[in-house]
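The structure appears right after this line, and notes come after that.
First the proteins, then the strands, lettered A, B, ... as listed; each starts at 1.
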Amino acid sequence: MVLIPSGSSARSTPATTRVPTSFPKEVPTNRPTGRAMTEDDPYTLSGPQSHDLWAESMAELVLERDPEDPIVTKGGISPSGVPHLGNMNEIARGYFVARALRDRGRAVKQIFTADDRDPLRKLPRKLAGLDGSIVGLGDVDAGALGRNLGKPYTSIPDPFGCCDSYGAHFSTLIERSADALEIPVETVSNTALYESGAFEDVTRYLLAHREQAREVLGEHQEKVDEEYVPFRPICAECGHVTETNSVRSVDLDAGTVEYVCTDVEAGDRIIEGCGHEGRATLREGKLPWRFEWPAQWHVLDVDFEPFGKDHAEGSWPSGADITRQVLGEVPPVPMAYEWFTLDGAPFSSSAGHVVMAQDVLEFLEPEVLRYFFTKDPSKARDFSIERADQLVDEFDEFERGYFEESVTSHETTREANTAYPAIVDSVSEQPIRLPYTFAAVLGMTDDATLREAMARREGHLPENASDRAIERALERVEYARTWAERTDNAYNYRLAAECPAVEFDSDIEAALDDLASVVEREASGEEIQSEIFETAREHDISPGDLFTAGYRLFFGTEQGPKLGPFLAELDREFVVKRLRREA
RNA sequence: GGGCUGGUAGCUCAGUUAGGCAGAGCGACGGACUCUUAAUCCGUCGGUCGGGGGUUCAAGUCCCUCCCAGCCCGCCA
């Protein structure tokens, strides 16, 4: 993690020289009410779009603002707990816009802010280790965490003991998610922005204009009273982030405030203040979120910012207004996105109904997951682990749409032409793709030779394919196998290495022996399949019972893949012995 | 209660810019194959485009209204 964004000192007009002197004394307010201007409508994806792919339309909107290079896209998450797939919208959405801008020859910097000066307000019920394992609160030192309520995430020890702080731990997890998605982002620690002084000038400016700040915020929030100060000092005694009413006096020349450590509301509970009266510098505190967000845009020169729909009607309009009316600047191009659900239910860290990008990449290829993030962000979308095969099928068609002209609808092809290169990063030859569920069938055996033979037999591997291409095609088998195991679905069968302990009626045993003889004669898959029915008839038993017997012998289950072709691919001697219940 | 976003086949979703035949994949069903057994291929079925009203030669698309879901309108982020 970089502590200070490299760009902030390299830019032609560093933030430190711009504030507070360059803030206009009189801010032009060309609107009588606090209502958002059309330009700041966060629903940039509603209505007519200029391009087939949303990211292209967003890039166009950004370019209309005539920004200087490097263009900055930003997202942010507070590192409060398990960073799930929905959180990755903050990074993945910005990435595709950054790509579109780069395609137009622009230099783009994608920033991710770890909003790690936010205070811990309640104990999370689930946490995640750096390896991605989800654990309950009881598995860590919950008491130690409880004693740190109210403190910034970066001031709380890592409950896993592996990182510098609670905040650093979960920021690291977020970074790992971005890495897993192969999205290059520059992580900026919010705490570092305060401690380095990067926020100091804008904080001073907001305090100097706190009257105006109150007025503008008051248009959006009712509970902004006389006592409201847009700065929350951190108590030198107990380490809590105090409330917006704790500041007693402001000394802008000295760059300090005097405060009283007050109680802080956290949901339906109160985090008690210690009553300490002290003095804090402008680096020893935190801007309230509604000011902190605009401050980030200002300090980091943000041109584009996607955010979840929870921000669209609250903090975005107020932040845009604060930027225009208090800071006298232009807020970034916004983009509100809808939330994901996971297998039909909302993501819930406390209920453990979460999945991280790292988990998903155990059963989906990175390009498939990246493809998921190219879909229209204005629609709520379900990410289904159960039906991961559907997503993969969709991706495969999408990919074919790119490589093969008009194999699919024009719409899909047009979108693929722009989105596909951004998904795979470097377009090479068209990869060989095994259908995902077929790959799951191949996953029933560990035998690499057998997997390849079965795939060839079904015509999924072209005769002239290179060894490397085949190797890559078969990589999908491991993904699909993990999926079958994880969801314990219809493909979760394993070829039993040892003969399961099974007992059969004598007529079934006789039928199995007959079948063994057929297999011994080098029968083809179809012949074996036919023979199962034939043998069943000869022994006056139902084919279903014979199939079941076969599945129990080979898989230890009642059902399985189409038996004839599957057996035909296995080692002949092994199949014969197993049918005779000998091995 | 108010504002916003969304609602298209059983499921997942295209199609809404610019009004012009209701679409795809999956599932289901049937077949290819003396064969119910999750592969593969072919075919079929599947719709009150959330409901109602309006504009129009023509509405999934535009207008009005209602219903449902989510978000925001306290704090926090």
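You'll find that the side chain of R537(A) is closest to C35(B), out of C35(B), A77(B), U5(B). Comparing atom distances between the E243(A) side chain and each of A77(B), C72(B), C75(B) picks out C75(B) as nearest. Checking U5(B), A39(B), C72(B) against every side-chain atom of E313(A), the shortest atom distance belongs to C72(B). Distances from the side chain of D115(A) to the nucleotides A77(B), A14(B), A39(B) place A77(B) closest. Side-chain proximity of Q529(A) to C35(B), G6(B), U12(B): nearest is C35(B). Distances were taken from every side-chain heavy atom of E265(A) (C-beta onward) to each of G6(B), G74(B), C26(B); the shortest belongs to G74(B). Comparing A39(B), A77(B), C76(B) by their nearest atom to the side chain of Q221(A) picks out C76(B). Considering only side-chain atoms of K379(A), the nucleotide from G25(B), C71(B), G7(B) that sits closest is G7(B). Listed candidates were C4(B), A24(B), A77(B). Nearest to the side chain of Y43(A) is C4(B).
Ring centroid separation for the pair F395(A) and Y436(A) does not come in under the 6.0 Å cut-off. Aromatic ring centres of W316(A) and W297(A): separated by under 6.0 Å.
Taking atom CD on Q390(A) and atom P on C11(B), their separation rounds to 11 Å, with Å as the unit. Residue E222(A) contributes atom CD, which lies 13 Å from atom C1' of C72(B) at whole-angstrom precision. We find that CG of D396(A) is positioned 12 Å from C1' of G25(B), with the value rounded to whole Å. Atom CG in D376(A) sits about 7 Å away from atom P in G15(B), given to the nearest Å. Straight-line distance from the CD1 atom of I271(A) to the C1' atom of C75(B): 11 Å, rounded to whole Å. As a whole-Å value, the separation of M335(A) CE from U5(B) P is 16 Å. For D382(A) and G7(B), the CG to P distance is 15 Å, given to the nearest whole Å. Between the CD atom of E219(A) and the C1' atom of C73(B) there is a distance of 15 Å, given to the nearest Å.
Base engagement by S315(A) is indicated by at least one non-hydrogen atom pair under 4.0 Å involving a base atom. Contacts of Y153(A) with the nucleic acid, taken as non-hydrogen atoms under 4.0 Å apart, are absent. Residue contacts for W293(A): at a heavy-atom cut-off of 4.0 Å it reaches no nucleic acid atom on any strand shown. Counting any heavy atom pair closer than 4.0 Å across all strands shown, G308(A) reaches no nucleic acid atom. Note on F438(A): only backbone sugar-phosphate atoms sit closer than 4.0 angstrom, heavy atoms only; bases stay farther off. Here S78(A) lies in heavy-atom contact (under 4.0 Å) with sugar-phosphate atoms only. H311(A) comes within contact range of at least one nucleobase, with a heavy-atom separation under 4.0 Å. Within the nucleic acid shown, R381(A) comes within 4.0 Å of sugar-phosphate atoms alone, with no base atom in reach, counting heavy atoms only. When heavy atoms are screened at a 4.0 angstrom cut-off, P346(A) is found touching no nucleic acid atom at all. As judged by a 4.0 angstrom heavy-atom cut-off over every strand, Y551(A) is placed among the base-contacting residues.
A22(B) and U61(B): their P atoms are spaced 12 Å apart (whole Å). Annotation: U17(B) and C64(B) have their C1' atoms spaced 23 Å apart (nearest Å).
Remark: G2(B) base-pairs with C72(B); criterion is Watson-Crick or G-U wobble with both hydrogen-bond distances under 3.5 Å. Nucleotide G25(B) forms a pair with C11(B), judged by Watson-Crick or G-U wobble geometry with both contacts under 3.5 Å. Across all strands shown, U61(B) remains unpaired; no Watson-Crick or G-U wobble contact has both distances below 3.5 Å. C41(B) and G31(B) make up a base pair, with Watson-Crick or G-U wobble contacts both under 3.5 Å. Checking U55(B) for Watson-Crick or G-U wobble geometry (two distances, each under 3.5 Å) identifies no partner in any strand. Across all strands shown, G47(B) has no partner, as no Watson-Crick or G-U wobble contact with both distances under 3.5 Å is found.
Side-chain contact annotation: Q49(A) with W54(A), donor-acceptor N/O pair under 3.5 Å absent.
Phosphate proximity of U37(B) to R552(A): absent, as no side-chain N or O sits under 4.0 Å from OP1 or OP2. OP1 or OP2 of A14(B) has not a single side-chain nitrogen or oxygen of K375(A) nearer than 4.0 Å. Remark: K122(A) is not in phosphate contact with C76(B), judged by side-chain N or O atoms under 4.0 Å from OP1 or OP2. Note on R232(A): a side-chain N or O is less than 4.0 Å away from OP1 or OP2 of A77(B).
Under the 30°/60° scheme for interplanar angles, the aromatic rings of Y551(A) and F547(A) are found to lie parallel. Ring geometry for F291(A) versus Y228(A): interplanar angle of 30 to 60°, hence tilted.
In terms of position on RNA chain B, the residue among G544(A) and P119(A) whose nearest nucleotide sits closer to the 5' end is G544(A). Toward the 5′ end of RNA chain B lies the nearest nucleotide of S378(A), the other residue of the pair E394(A) and S378(A) mapping further downstream.
Remark: side-chain polar atoms of S57(A) are paired, donor with acceptor, to backbone N or O of H51(A) under 3.5 angstrom.
Residues in residues 372-381 of chain A take part in these salt bridge (Lys or Arg N to Asp or Glu O under 4.0 Å) pairs, two or more places apart or across chains: K375(A)-E394(A).
The side-chain contact (heavy atoms from CB on, under 4.5 Å) test with S165(A) is passed by exactly one of D116(A), T191(A), T154(A): T154(A).
For C75(B), the base has a donor-acceptor partner in the side chain of R121(A) [N/O atoms by modelled type, under 3.5 angstrom].
The shortest non-hydrogen separation linking P306(A) to Y337(A) is C-CE2, 4.0 Å.
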